[in-house]
**Q** 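The following block contains the structure, expressed as C-alpha cells.
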Number of protein chains: 4
Amino acid sequence: MKRPPLAHPFDDDKLKEECGIFGVIGVGDAANFVALGLHALQHRGQEAGGIVSHDPNSGFNSARRFGYVRDNFTKADVMSTLPGPLAIGHVRYSTAGSKGATAIRDVQPFFGEFSMGGAAIAHNGNLTNAAALRRELIERGSIFQSSSDSECIIHLMARSIQKTIPERMKDALRRVEGAFSVVAMTRTKLIGVRDPLGVRPLVLGRLGDQAWALSSETCALDIVGAEFVREIEPGEMVVIEDGKITSTRPFGAPASRFCIFEQVYFSRPDSIIGGRSVYETRRQIGVELAREAPVEADLVCPVPDSGTPAAIGYAHESGIPFGMGIIRNQYMGRTFIEPTESIRNMGVRLKLNVNRALIKGKRVILVDDSVVRGTTSRKIKDMILDAGAAEVHFRIASPPTAWPCFYGVDTPERSKLLAATMSEDEMRDWIGVNSLKFISLDGLYRAAGEAGGRDPKAPKFCDACFSGDYPIVPSDKVEEGFEMKAAE
Amino acid sequence: MKRPPLAHPFDDDKLKEECGIFGVIGVGDAANFVALGLHALQHRGQEAGGIVSHDPNSGFNSARRFGYVRDNFTKADVMSTLPGPLAIGHVRYSTAGSKGATAIRDVQPFFGEFSMGGAAIAHNGNLTNAAALRRELIERGSIFQSSSDSECIIHLMARSIQKTIPERMKDALRRVEGAFSVVAMTRTKLIGVRDPLGVRPLVLGRLGDQAWALSSETCALDIVGAEFVREIEPGEMVVIEDGKITSTRPFGAPASRFCIFEQVYFSRPDSIIGGRSVYETRRQIGVELAREAPVEADLVCPVPDSGTPAAIGYAHESGIPFGMGIIRNQYMGRTFIEPTESIRNMGVRLKLNVNRALIKGKRVILVDDSVVRGTTSRKIKDMILDAGAAEVHFRIASPPTAWPCFYGVDTPERSKLLAATMSEDEMRDWIGVNSLKFISLDGLYRAAGEAGGRDPKAPKFCDACFSGDYPIVPSDKVEEGFEMKAAE
Amino acid sequence: MKRPPLAHPFDDDKLKEECGIFGVIGVGDAANFVALGLHALQHRGQEAGGIVSHDPNSGFNSARRFGYVRDNFTKADVMSTLPGPLAIGHVRYSTAGSKGATAIRDVQPFFGEFSMGGAAIAHNGNLTNAAALRRELIERGSIFQSSSDSECIIHLMARSIQKTIPERMKDALRRVEGAFSVVAMTRTKLIGVRDPLGVRPLVLGRLGDQAWALSSETCALDIVGAEFVREIEPGEMVVIEDGKITSTRPFGAPASRFCIFEQVYFSRPDSIIGGRSVYETRRQIGVELAREAPVEADLVCPVPDSGTPAAIGYAHESGIPFGMGIIRNQYMGRTFIEPTESIRNMGVRLKLNVNRALIKGKRVILVDDSVVRGTTSRKIKDMILDAGAAEVHFRIASPPTAWPCFYGVDTPERSKLLAATMSEDEMRDWIGVNSLKFISLDGLYRAAGEAGGRDPKAPKFCDACFSGDYPIVPSDKVEEGFEMKAAE
Amino acid sequence: MKRPPLAHPFDDDKLKEECGIFGVIGVGDAANFVALGLHALQHRGQEAGGIVSHDPNSGFNSARRFGYVRDNFTKADVMSTLPGPLAIGHVRYSTAGSKGATAIRDVQPFFGEFSMGGAAIAHNGNLTNAAALRRELIERGSIFQSSSDSECIIHLMARSIQKTIPERMKDALRRVEGAFSVVAMTRTKLIGVRDPLGVRPLVLGRLGDQAWALSSETCALDIVGAEFVREIEPGEMVVIEDGKITSTRPFGAPASRFCIFEQVYFSRPDSIIGGRSVYETRRQIGVELAREAPVEADLVCPVPDSGTPAAIGYAHESGIPFGMGIIRNQYMGRTFIEPTESIRNMGVRLKLNVNRALIKGKRVILVDDSVVRGTTSRKIKDMILDAGAAEVHFRIASPPTAWPCFYGVDTPERSKLLAATMSEDEMRDWIGVNSLKFISLDGLYRAAGEAGGRDPKAPKFCDACFSGDYPIVPSDKVEEGFEMKAAE
C-alpha cells in the first residue's frame, strides 16, 4: 500500500494538473468503464486513483489505490468488488494544502451516508475558501477523514437541511469559492457540476440510448466508445437518472473563464475543446511563434512529448526541417535508482537521450511548452551542446509563467518561478542559450481561436498564471499573506 | 513473484526482440550501472530481467525478477544485495523453445560453479542446434535448471577440460550453432563474444580510465555516461581484466551478416550502428519510400512511435505535411482490463486514439514499420476511417515479412505471416486501404548505407525474414519439419 | 490489504472476546510498548489491530492492519511511522453490528480532529444504544467513517460544547449505554474509563517514575515490564499527564458487575483479577467440578488449551491421573486449505490429534471450558472413541450458556445455543457421551472467590450468558425484537 | 519472497531438527494431502517448504516458499499449480553447510530431468561425505543449483548408467555416507529409503485400497486420515506404483541406530515410535527422573511445551502437585519487534510469562527437555525467582548434551555446549539454581523401552550427542579438524 516516491527527473519543472474525473450511468459494469476513462485521463494525475460504484444488491462499494489505473483497476480481485450500473472515479496528483505525504484516505471519491441515503463525490479544482470552511465545520462538530479541501463539500452537504442530494449539493457548492468541476453519484443519479466561471473542464458523452458519461476530457469518452455530446456549461448542474438529463443553473449568470493552460499543456492533444482539437491549437501556437520569433536555423526539434505539436507548427511555418533530436525512453516510470556517488547527476538521461548524429553541427531550435523554474531547460541545453550543436534557440509555446495558480494546479510559490524574478534576456543568459522567446499572450489567444487576441476587459480564459489577473479572489491565500498584482 | 499477463493490444502483431545484455567492470557499484543500462535496453525485452555481480567479500550475488527494470532494480533492498565492481545483466522477452509460461529460473544471467571458480553468462540470440545439444548433455548426466536453450552454453563450459573460463567458453561456443552475442563474467573478468556472422549487436564503451562496459546498443552507453569505443566484431571475443582488453578470434574468419531488422525496428532510434544513428537510417527509409511509392495526399501520419522517423522522411521528401493523426497513451503498460461483454473490442483504444479534427476529410498516408499478421493494420485503418478520413494509404518501412526468424526474434510461424500467403494487392484488399506499398529490399539496403542496394552474392545483412535466405541452417527446426526456401 | 478468511476449525464453537486495548505515556517509543502490549492481548482479538501515536514534531500518526500484531507491528517500516512518547492501540475480533466483512476503516483506534486538537479512542465493549445514537447523529450532519458502533463516541465528543477533551469524553460517555472500557489520548494526555458496572476489564500499570500504562489485562503489563498498580474502578475516569494521574467519577455511584466469562475463558491464565491469578480460579473450578460431578474413570484429559487448568484441578481433587490425551498443533494459524472433496471433514485434525496410545481402553474424563453450539464437543467425542476409549465423560468448567451477550462478546443468536434448546440430559445424548456435567452457577462463584456462592439480589458478576439476568437493558436489541427473560 | 528473520527468543538454545518429508500416491489431489502432512510435520522445520507434484497432462510442477505451510500451501493460487495423483514435499529448518542465508533454490524437493524422465527427491538427514562428493562432481562437470548437500544425490543419479530411476537412486545412495531418509518420485512411482542404520525416521501409511503415504512421523498420517502400516526399515527401499509396494535392501544387512533425541524432543508427542506413543516415553522419562533425582518441593512445573509430559510423569511418581507455573503466548511467531533501547532484554517475555500467584513462595521443580547452551535455563530461573519462588530445582529429561550431531540436527559447535565444558555441579552454579539433575543414559534407555538400559556393545539408538559414540564416521568434519572421542 506504499506510494511510489515521486522522482521524475524533470517533474519539478512542470506544472501539475491535480485531477481527472469520470462517471458513468446506465451500463452493466460501470466501474470497468470508469477504469478505462480514468486510464485515458491518467495524464491529469498519476499519484492515486479511486472508484465508487453502486449496485442495488450490495450497495455502495469503493476501491482507492496509489499508483497507475492500469496497475490497480485492471485486476479481477479489485474490479469484482465494484459491481453495478453507476460509478464515478478520480485520479489525482496531490492535494493543495496537504502537508507531507498523501494518505490513502485523501484519495477521492469521498463518500457520505446521509439520512436520505449515500452520496459520493469526485472533485477537480481547488476551493479558495476551504481553510475557513474547514475551521467552521470542525467548530460545529464535523470530523474530517482527510486532509483534502474537497471533503468540505460532503460535510456541507451533510449539514444541509434540503431533502434531496442534488439540492444539498447546490447548498454546499453555493458556500464554496474557487474552481471546481464535480462528478457525483447517489444510488440512482449521476450528477455533474461546473463552477460559475467554468475554470476546469467537464464534458458530457452518450453511450447508446440509455447510458451517459461525464468526463474531464473528450479523450476519455473516445476510449469507452461514447459519443461527445457537449461541454457542461459554466455554472451548470446536470442530474442524470433513468436515462434522462435535467439541467439547472444554481449559481446565477456567470461568464466563462476556462483555464488557458489546459490548451497549452494539461489536456491531451486528442481532446476537443471549443470545437477543435487541442493538438491543432498547439500546432497553431507553433505557427504564431514562428511568426513572432523567427530565427535562422537548421533543425526544429521538440522537447518530447509535449513540445511536439508546436514544433511541427513552427517547422511548417518557418520551412526549417523538423527532426527528433531528443529521444524519450518510453519505459521511464515514476521512479528510478537512488543515485550512488558515481552515477549522481545522470538523472536526465533516464528519460531523454540526444540523437547525436542528427544534432551534431546544427543550429537547433528547441520548442518546449513552458518554463517554470528553468532547471530542466538548462539540462536540455547542456545535452544538446554536448552532442555538438552549433547553436541552441529556445522557443516556448506559452508566455512567461509569472504567477501561481490557486484553482487546482500545483505551482511553485511565486519566488521560485523563473519569470517572476527575471526578464526574458536574463532568463536567456541564465539558461545559457543563443536566444529564448516566449509566445505573446495575444498570440496564445489567437492560436486558441480568439482572432482578436486577448480582450483585457473581458478575457475569455483564466490566464492568471501569465497575467496575474485572478478572476476569483484566493481568500485563504490572501489571508496567509499572498500579495495580488496591483490594479493597473 | 507473479508475471503480468502479456496483453499489449497490438503486441501480437509486432516481432519481438528477445534480449538486451549489458556488463560493466571497474566501477564501485557495477550493478547500479547495469540497472541503468538495462533500463535503456528495456525495449529489447520487457518480461523479466536479471543481474549478477561479484564482490571480493561476498562472492557472486544475483537477483532475477519479472517486470520492468525500473520497478525491480531501483529498490535499495534489491540493489544492496548486488555489491562489487563487476556485474552483468539481461532483459528478456521470452525464450524460443519455452513451452508455456516462463519461470523465474529461466531468467538470465545463468551461473555455474566450476572447479576454477564461478562464471555467469547473459545471452542474446538463439542457438539453432540447442535441442540436439540438450539431449546429448542430459544423456551424459547434466541437470538443466531452466527450459532455456542458452543454458547449454554453461553446461558445455562445465564439461570442457580447459583450465580457464575464457578457454572453456571458446570450447562451448564452438559447439553451438546460431546467432549469439554473449556477455559473461568471472570473479575478475568481463567477457564479450559475438557469433561469427555478428547477427546480434554488441558494442564496447569506456568509462574513464579503468572501467569498461559491454552493451547490446550504444543508447545504453549514453545513459551511464560511457564513451562509445567500437562494435565488438563478428566472431570476436574480448576479455577485460584489470582495466585491459584482450581480443581473440575463436571462430576463424567470418563475414558479417548483421540483422537488418535491428535497423528497421528493434534498435532504439538514438543508437548508432555502422557510424550513423538508427533514426537517420529510418528517416532515410521514409525518403526512399517516398521515391519508390509516391501518392497524392494531404497528410503524412506515423503509426506511433516506431513509424515516426520514416514518416518524417516521407513527408520531407514528398512535401506533404507531417502531422500526428494518431495519439499514443503514454501510460499504457503491459496489461489492461479483462474485457467484459460490453467493452470488448475496445482494446485498441487503450493505446491509441485518433486526432479526429486533424484527420477528418483528409487523404492520409500512414507510415508503419512493418506488417506481420496485418491485424493491427486493419484496426488502425478502421479508426482512421471512423474519424472521417477521405482516403487511407499505407506505406511500410520494410519489405514484406514472409519468413520466420530463428536467430533470436520471436516470429509467428510462417503460415501466420500475412506476406507468406498473400500478394501485395491481396494484402491491400484484405486490410482494406486505398493503397499499400512496402519498401523494396534494395531500397532498404540503400537507406541502411549500401548505395548499390543488396548484393545477392554477398549480402551485408541477415535479411532472412524478407528473403528466406538463411545464413545459418536452422537445424533443430529443419529436424522438426521446417522447409527452407528452394535454391533459385 | 486482504484479511485472512476466518476458518478456525473450532472457532464457530467458541465465544469470541471482541477487543483488547492498551496505552502508554511517558516512554521514548510508546508505540513499541503498545505493540508488545497488544501482542500479549492477542487472545482478545486476532482479526486486526491498530496503533495511534503522538509526537510533538510530526503530530498524530496511525497504522491499522489486518492480521496478527507480530506480523504487522514488528516491522521497521511500520513502527518508524509511529514515533512519540504517547500511544494507544487496539486488537479486535469483529464489530457487533458490522454487516459482512470488516473494512480497514472499521479498525480502531478512531481519531477525530476537534477545534482544541485531536483525540484518538480505543474501545472494548459494546454500546447497547448505538443504533439509535447513530441515526440521530447522521440526522444532525455527522459523517460516519466506519460501520463500528464505537465511532458514535467520537462524534458525540465532536458535538460536545465542553472546552477540554476529557470533559467532552464525559459528555459523550454519559449519552451511551452498554459496556465499555476505553483508552484514549490527546496530544498530551492518556485517558482511561470504565463503564459504571465495570463489565469489561481495565488495569493501570507503572513503568518507572514518570511512565504509565493502561491495559485490558495484567499479562500485558508483564510483557512490557510494568508494575501492576490497580484496576481502574467501575465508573472511574483517569487522566494521566506529565507523569500525574487524576481520577474522577463521571457516572455517579455504580455497583460492580464484572464479566464472569473473563474468569472462565477470555482472560489469559497468567492475568490477575481481584488479587489472584485467573489460572488459580480456573483450577479451582476444576476442584469444584470434581466435588459436584464425580465419576469413576482412568484419565482426566483437558481439551487444549483452555480446559487445562480446570482439568488439573479436577485430577488433583479426584485423584484420577492427569494426561494429555489430545495434542494441539502449535503451528495452526487462522486458516488452512480449502478442502477438496477427498479431504473434506478432516478440518478437526488440523488443530488437534489424539494421543492414541494413551487413550486406548481408558475411561476418559474430558474437561472443556464451555459448550456453545456443541458441534466441537461431538467431533472431539468422535476422535476419542475412534482412538479406542472405553467411556467418555464431559465435564464443563462453566454453567450452560443459554443467553447471548450484548456487552462486547460475539455470541450466536439464542436459538443456536445448545443450552437454550436442550436439557442437560438431552445435550448428553446429542453429543453422545456417557455423561455430561456443567459446574453450577454457585460453584462458579465459589471458585471465583465468592465463598457464599451467587447472591441473587446483588450478584457480584455479570452472568447474563448463564442466567439471562441482564444488568443493562439491551435497548437496540429489544427494539429489534429480542425477548428478555421474564422476571421471576 | 523474503525470508523472515530468525528470532525465537529461545531458539538459540534448542537443537533443531532439520527436515520433515512426506509423499502420497494414488489420490486425486496429492499436493493437498502433502500440504496437510507437512503442516503436521512443521515442528521439524519452519524456515521453508516445498512440494513437487506430477500430473499426466501438465507434467512435473513445483512450488517452494519461505515460511509456514499454513501460510503458503493453503492458497488456491499456489495449490492449483500442483495438480495430480502423486506428490512429495519437504519442510526444512536450515541446511548444514549453507554459509549465510538460505536461498529459495536451497529449498527441497530437488528435481532433475534424466533421459528416462524426471525425478524429485526430498531428503531428511545429513551426508557426512557431501563436501568430497561435491568437489568430485563439479570436477566432472556437474552444475550445482543450491548450496545443499542433498543435491549431490540427484547429480549422482544423473551420472548413473542404470536404466531406471530406482536403480539410479541405489547407485547414488551407495556412494553417500551419513544419515538419510529420502522420499522421491518419478512420473509414476513413489519411493522411500532409509539409511542402513535408520538414524532418521520414515513410516508407511495406507489410504484406502490404492493410495499410500510416506511420512517422517505417524502424526502426519493421522492428519490425512491414513492408517499407520509400519516403519520403513533401516536400509530398506520401497517403490510404490499402481497401488503396489515392492521392497528391496540395497545396502546389505545393517543394525538399527535410531536417533534417541527423536524420543526426547524432536518427534511430536502424538507420534508412535516402536509401538508406543512418544508422549508415553517422555512421561516415563519423568517417572525415571523422579526415581533417580528426587527432591522435596511444592510444585512440579514444566517448561512449556516440550517439558510437559516429563513433568506429568515426575509429578505422578513423586506425588508433588503438577501446575502450570509458566504460561506460553500461543500467538508467538517466528519474529518480533526489533528492540529499541528501552525495551531491550524483554525478549523472553514475548514467549513466556510466569504465573506469579501460583509460584510465589513455593519450592518449584522445573522440568525441561534438555540443556544446550544453558542461556535459556538462566533466564527462566530469573523469571521464576523474580516471581517469588522459594527454591528452584531443574530436572532435565535428557542426559547432558556434550557432543555435536552430524546426522541432520543443527547443533552448536562442541565448545558452545554447556555440558562439554562443565560438570553437573558447575552447571548448577552457573545457571544459579538450588539443584540441577539430568536423567542418566541408562534411565533414558529404560524409559524408551529398553528394560536393561543401554548395552554399550550394541546400543539400540544413536546417542552420539550424549555419549560421543558416533556410529558413522563424520568424514568431512574429521577432515576439517573435528576430534572424535578417544576409544575407551
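Labels below follow one simple rule: chain letters A, B, ... track the order of the sequence lines, proteins then strands, and each chain is numbered from 1. Both backbone and side-chain heavy atoms feed into the values below; hydrogens, waters and symmetry mates do not.
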**Q** Quick one: closest heavy-atom pair of B:E139 and D:S115, and the distance?
**A** OE1-CB, 3.5 Å
**Q** Where on B:L156 is there a heavy atom nearer than 4.5 Å to chain D: the side chain, the backbone, both, or neither?
**A** neither
**Q** Distance from B:S142 atom OG to D:R159 atom CZ, nearest 0.5 Å?
**A** 6.5 Å
**Q** Would you mind checking which part of D:R140 comes under 4.5 Å of any heavy atom in chain B, side chain (CB onward), backbone (N, CA, C, O), both or neither?
**A** backbone
**Q** Hey, does B:M157 have a side-chain heavy atom less than 4.5 Å from the side chain of D:I143?
**A** no
**Q** Which region of B:R135, side chain (C-beta onward) or backbone (N, CA, C, O), has a non-hydrogen atom less than 4.5 Å from a non-hydrogen atom of chain D, or is it both or neither?
**A** neither
**Q** Counting only heavy atoms closer than 4.5 Å, note whether D:I161 contacts chain B via side chain, backbone, both or neither.
**A** neither
